[in-house]
Amino acid sequence: MNDEIRWLARLGIDQGLFSRNHCLKVHAKLGPAGDLMAFAQEFIDSGIVTDVERLETIAGLALRKAPQGAPADDPFATAAGAAPSAPSAPAAASGPAFAFESIGSLDDPALAAAMGALLRSTAASGASDLHLSTGARPFVRKNRVL
């Protein structure tokens, strides 16, 4: 499990958006292959979270905090300090691919072409919206769900 998920869980619990038990259930369902997007989506799909905007905000904050390492009070830690094990599950389908880390090295025409390709890829995947925010992984909305 990555630190992004640990931070999403910690922040969501702290803000009363969901409980530790909810996090454990989602982790058990997704397994170790789950990523932040799949984790957040499962909260929505399972009806645990109905305030999608608030979840998006928390997910963005989790992405910003993840490079610091796991939160000191890891909601997934057991008495021995290890994360609970979960059965292996296939990774969730991802949205459009884009090398965001390369944006800083692109000139204006290349950036415009890359963004156009990203938007076409987003539409081709069936998504209606593409949410971009500085320092956060992009979210796509498909069938009114992130």
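Given the structure is predicted, the values throughout are model-derived calculations rather than measurements.
- With a 4.5 Å cut-off on side-chain heavy atoms, Arg64 and Leu61 count as touching.
- In this structure, His27 and Ile5 have side chains that are not in contact, with every pair of non-hydrogen atoms separated by 4.5 Å or more.
- The minimum heavy-atom distance between Asp35 and Asn2, with the atom names listed, is CA-ND2, 4.3 Å.
- Atom OG of Ser46 is separated from atom NZ of Lys25 by 9.5 Å, given to the nearest 0.5 angstrom.
- A donor-acceptor pair under 3.5 Å is absent between the side-chain atoms of Trp7 and the main chain of Ile58, judged by distance alone.
- What you find for Cys23 and Ile13 is that their closest heavy atoms are SG-CD1, 4.0 Å.
- The number of heavy atoms from other shown groups lying within 6.0 Å of CG (Asp108) does not exceed 12.
- Between the NE2 atom of His131 and the CD atom of Glu56 there is a distance of 5.0 Å, given to the nearest 0.5 Å.
- At distances below 3.5 Å, not a single donor-acceptor pair connects side-chain atoms of Arg6 with backbone N or O atoms of Asp74.
- Taken to the nearest 0.5 Å, the CG atom of Leu36 stands 5.0 Å off from the CG atom of Leu63.
- The aromatic rings of Phe43 and Phe18 sit parallel, their planes meeting at an angle under 30°, below the 60° perpendicular limit.
- Interatomic distance, Leu30 CG to Glu42 CD, rounded to the nearest 0.5 Å: 5.5 Å.
- Going from atom CG of Asp3 over to atom NZ of Lys65 covers 12.5 Å, rounded to the nearest 0.5 Å.
- At least one donor-acceptor pair closer than 3.5 Å links the side chain of Arg10 to the backbone N or O of Asp73.
- With a 4.5 Å cut-off on side-chain heavy atoms, Thr57 and Gln15 do not count as touching.
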